[in-house]
There are 2 protein chains.
Amino acid sequence: MRILLVEDTEGLGEVIQDQIADEGHAVDWVKCISNAEASLSTTHYDLLLLDLMLPDGSGIDLLKKIRKAGEATPVIILTARDQISDRINGLNAGADDYLVKPFDLSELSARIAAVSRRYAGNPNPKVYIGTLEIDLTKHIISRDGVVVNLTAREWALLEAFIQRPGTLLSKSQLEDHLYAFGSEIESNTIEVYISRLRKKLGKDQLETVRGMGYRMGLSGPGST
Amino acid sequence: MRILLVEDTEGLGEVIQDQIADEGHAVDWVKCISNAEASLSTTHYDLLLLDLMLPDGSGIDLLKKIRKAGEATPVIILTARDQISDRINGLNAGADDYLVKPFDLSELSARIAAVSRRYAGNPNPKVYIGTLEIDLTKHIISRDGVVVNLTAREWALLEAFIQRPGTLLSKSQLEDHLYAFGSEIESNTIEVYISRLRKKLGKDQLETVRGMGYRMGLSGPGST
DNA sequence: AGGTTCCTGACAATAAGCTGAAAATATAAT
DNA sequence: ATTATATTTTCAGCTTATTGTCAGGAACCT
């Protein structure tokens with residue numbers, strides 16, 4: 001998915017960019033409206049992440065312009081807590097969702113996923129990995145038709161693998177996915193959760209790559 | 001199908017009108033209550049799309065008037081995110097469905113299709129979840145044939161689940177559904193209402209997914 | 001062997017959820 | 001306007017599942 005990020009705050013922009021890139025999407029990051037318009041005129045984007053307070057004007061005007069042009073590209077607004085009226089205007093102007101700063105990156109991921117699913121006209125997608133069937137909106141996993149209950153953390157871990165099937169994920173990557181920035185983990189938590197997932201989903205679903213990390217989904221040397 | 005669109009926002013109105021027309025329905029678009037009443041008095045409509053904030057009054061009053069007159073014409077309310085209390089009133093006043101702005105056009109199409117299907121043969125659309133029978137127009141719920149009375153908030157909560165059967169909804173999603181923008185809730189209100197719904201509808205209707213949210217409507221032909 | 005790295009059962013601390021009941025609002029009735 | 005009634009919100013105590021950590025052992029590599 002190709003995403004345009006319009007955000008003038010340096011630090012935040014970087015973090016978001018990294019996060020999105022990590023999830024395998026292509027990001028273009030611009031810091032003002034005029035650049036955003038330039039990008040939009042040359043490239044098709046599947047999603048727009050739009051800050052409202054920008055150096056050369058309000059994001060709302062950009063949004064209105066886009067909608068007026070008949071573009072249906074989904075838009076998620078990023079806004080500070082004290083800009084409620086702006087937010088409402090933004091929604092009225094045709095945004096699809098909003099996020100109040102500061103937000104968790106996981107929250108951002110979830111919204112992006114939700115918007116893109118809706119946009120793709122596929123509101124109830126399922127993922128199949130081996131004998132597992134995973135319903136992403138219902139958060140239901142069945143193994144050979146039998147429903148398996150996962151705890152929040154277990155699901156979060158599984159999610160990391162679902163998002164990048166067949167990719168080798170290091171323990172620190174997985175930690176980043178599970179835990180908020182800064183809240184460091186001291187013990188072998190990831191190993192423990194890998195173990196718990198294996199117990200619930202079946203031994204063969206998760207492959208250990210010694211010294212490197214873990215991988216799910218494709219057992220053989222990989223085709224896509 | 002003949003549809004009356006009551007919406008005073010120029011841009012949005014145009015978009016909706018186009019969309020509906022694209023789908024082969026006849027649309028009349030008016031921008032205030034008085035014009036709406038004029039149209040309703042001369043023409044039969046199969047569906048009413050009703051914005052709540054209108055220049056010459058609240059759409060709710062119009063809706064009440066219609067229902068009082070015994071008209072069963074299905075009504076879908078279009079409402080902004082900061083008018084949720086209005087929305088609850090609207091549902092109490094006899095709306096069939098609502099859409100929170102901004103909405104996907106595909107969402108709109110789906111609702112329209114759903115409403116027209118519901119009304120295709122039977123004048124009184126009902127939803128069945130487990131042993132519950134839910135009358136969408138009258139907001140009456142029967143459990144094993146016994147009528148259950150819900151308060152506005154209880155209904156609003158239930159509604160969130162009805163709209164997305166089987167979907168896992170987080171507490172914050174449910175809060176978003178129940179409460180207006182900015183009016184933050186900082187107690188365990190959702191839990192309390194979940195508890196009340198369970199008491200009224202039966203223990204098994206709502207499933208807790210610890211750490212993630214709640215889910216309704218999976219009592220079906222289950223695998224164990 | 002000896003040194004890693006990983007697995008997994010057990011456990012205490014914690015966070016999440018449930019629910020009765022009081023306090024605060026809103027709504028209706030007189 | 002006052003009173004009565006119903007609903008909504010908050011609070012606090014309780015119950016229980018989840019979490020992070022540890023420790024001993026297994027698997028792996030050179």
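In what follows, every chain begins at residue 1, and chains take the letters A, B, ... in the order their sequences are listed. Please read these numbers as outputs of a predicted model, since none were measured by experiment. All values below come from the heavy atoms of this structure, side chains included, with hydrogens, waters and symmetry mates left out.
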Verdict with reasoning, A:E207 to A:R215, per salt bridge (Lys or Arg N to Asp or Glu O under 4.0 Å): CA-CA 5 Å; A:E207 180 189 356; A:R215 179 163 41 202; 3.4 Å; yes
Test item: A:Y214 and A:S170 side chains (from C-beta on) under 4.5 Å apart, heavy atoms: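 No, every pair of side-chain atoms sits at 4.5 Å or beyond.
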Kindly indicate whether the side chain of A:L157, heavy atoms from C-beta on, has any atom under 4.5 Å from the side chain of A:H177. no
Any side-chain N or O of [X] below 4.0 angstrom from OP1/OP2 of [N]?
| X | N | answer |
| --- | --- | --- |
| B:Y193 | C:dG17 | no |
| B:K203 | C:dT19 | yes |
| B:R198 | C:dC18 | yes |
| B:S195 | C:dG17 | no |
| B:T189 | D:dT8 | no |
| B:R210 | D:dT16 | no |
| A:K171 | C:dT5 | no |
| B:K199 | C:dG20 | yes |
| B:T208 | C:dA16 | no |

So which nucleotide from C:dC7, D:dT8, C:dC18 ends up closest to the side chain of B:R153? D:dT8
Once you round it to whole Å, what is the distance between [atom2] of [N] and [atom1] of [X]?
| X | N | atom1 | atom2 | value |
| --- | --- | --- | --- | --- |
| B:L174 | C:dG17 | CG | P | 11 Å |
| A:E207 | C:dC7 | CD | P | 11 Å |
| B:M212 | C:dA15 | CE | P | 19 Å |
| B:R196 | D:dT9 | CZ | C1' | 8 Å |
| B:L150 | D:dT8 | CG | P | 10 Å |
| A:I194 | D:dG20 | CD1 | P | 14 Å |
| B:L197 | D:dT7 | CG | C1' | 14 Å |
| B:R215 | C:dG17 | CZ | P | 13 Å |

Pick the nucleotide of DNA chain D nearest each of B:E191 and B:E154; which residue has the one closer to the 5' end?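 Whichever sits nearer the 5' end wins; that is B:E154.
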Would you sort out whether A:L47 and A:M1 count as a side chain to side chain contact (heavy atoms under 4.5 Å, CB included), showing the intermediate values? CA-CA 8 Å; A:L47 174 64; A:M1 205 160 69; 4.3 Å; yes
Base of C:dT19 paired with side chain of B:N188 (donor-acceptor, under 3.5 Å): yes
Could you go step by step and tell me if B:K31 and B:E7 meet the salt bridge (Lys or Arg N to Asp or Glu O under 4.0 Å) rule? CA-CA 5 Å; B:K31 291 162 192 163; B:E7 168 65 63; over 6 Å; no
